[in-house]
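Predicted, not measured: the structure shown is a model, and the values here were computed from it. When reading the values below, keep in mind they use all heavy atoms of this one structure, side chains included, and skip hydrogens, waters and symmetry mates.
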Amino acid sequence: MEQTYIMIKPDGVQRGLVGEIIKRFEQKGYKLVAMKLTSPGEEHMKKHYADLSSKGFFAGLIAYMTSGPVVAMVWEGKNAVAEGRKMLGATMPSESAMGTIRGDYCIEVGRNICHGSDAVESAKKEIALWFPEGVTSWSSCESSWVYE
């Protein structure tokens with residue numbers, strides 16, 4: 001099964017949307033294999049967003065992402081990366097469909113609630129960065145009700 005990294009950003013935590021976001025992934029049928037509430041430091045966030053370091057908004061992004069706690073999670077299931085991105089919606093909230101997390105809960109790109117891995121390889125890197133201790137392996141009785 002594929003794993004993806006999903007992070008609820010400081011605005012999502014501050015607005016009390018953690019439970020709603022977890023609920024959506026659980027209801028879809030994905031299995032939570034790692035989760036922690038953490039306050040990342042500047043260096044950690046610079047590693048996470050290294051691919052954006054040349055962008056003009058990078059300094060503001062790092063300041064925002066270190067302004068409060070985030071919820072780091074790993075979700076597991078079939079096509080978890082692509083489906084997780086669909087569930088989040090477009091990065092730009094105004095382009096996100098209603099029914100997606102961003103379409104339902106945010107207005108501006110600088111406060112877009114969540115981060116989700118954009119590819120299987122980036123998911124592996126992000127999971128290793130955020131969960132160096134590894135993730136939990138467990139069996140769910142629900143899997144036979146989700147997968148054929």
(request) Could you list the residues that satisfy side chain to side chain donor-acceptor pair (under 3.5 Å) with E2, not counting sequence neighbours? (result) none
Find out whether [X] and [Y] are in side-chain contact, i.e. whether some heavy atom of one side chain is under 4.5 Å from a heavy atom of the other.
{"X": "M73", "Y": "M7", "result": "no"}
{"X": "V135", "Y": "I127", "result": "yes"}
{"X": "L32", "Y": "V74", "result": "no"}
{"X": "P93", "Y": "I107", "result": "no"}
{"X": "C114", "Y": "I21", "result": "yes"}
{"X": "V70", "Y": "I8", "result": "no"}
{"X": "T100", "Y": "R24", "result": "no"}
{"X": "D118", "Y": "V81", "result": "no"}

(request) Go through the steps for L17 and I113 under the test side chain to side chain contact (heavy atoms under 4.5 Å, CB included), then give the verdict. (result) CA-CA 8 Å; L17 297 173; I113 309 288; 3.7 Å; yes
(request) Return each pair, listed once, that meets salt bridge (charged side-chain N to carboxylate O under 4.0 Å, His left out) where at least one residue sits in residues 121-139; pairs must be two or more places apart or across chains. (result) K36-E133, E121-K124
(message) Checking E26 now: which residues fulfil salt bridge (Lys or Arg N to Asp or Glu O under 4.0 Å) with it, not counting sequence neighbours?
(response) none
(message) Once ring-ring contact (aromatic ring centres under 6.0 Å, His included) is applied, what residue pairs with a partner in residues 32-54 remain, sequence neighbours excluded?
(response) Y5-H48, H44-W130, H48-H115, H48-W130, Y49-H115
(message) Test: ring-ring contact (aromatic ring centres under 6.0 Å, His included). Region: residues 53-78. Which pairs qualify, not counting sequence neighbours?
(response) F25-W75
Return a table of donor-acceptor pairs under 3.5 angstrom between the side chains of residues 139-148 and protein atoms on other chains or two or more places apart.
residue : atom : partner : partner atom : Å
S140    : OG   : E142    : N            : 3.0
S143    : OG   : S140    : O            : 3.2
Y147    : OH   : K78     : N            : 3.0

(request) Take K46 and E42 through the salt bridge (charged side-chain N to carboxylate O under 4.0 Å, His left out) test and state the conclusion after the steps. (result) CA-CA 6 Å; K46 284 181 178 178; E42 187 175 317; 3.0 Å; yes
(request) Decide yes or no on salt bridge (charged side-chain N to carboxylate O under 4.0 Å, His left out) for E83 and K86, but give the supporting numbers first. (result) CA-CA 5 Å; E83 291 297 317; K86 281 186 208 173; 2.9 Å; yes
(request) Answer yes or no: is there a donor N or O on one side and an acceptor on the other, between the side chain of R102 and the main chain of N112, under 3.5 Å? (result) yes
(message) To check you understand the geometry: which heavy-atom pair defines the closest contact between P69 and L37, and what is its length?
(response) CB-CD1, 3.7 Å
(message) Can you give me the closest heavy-atom contact between G103 and S96, atom names plus distance?
(response) N-CB, 3.4 Å
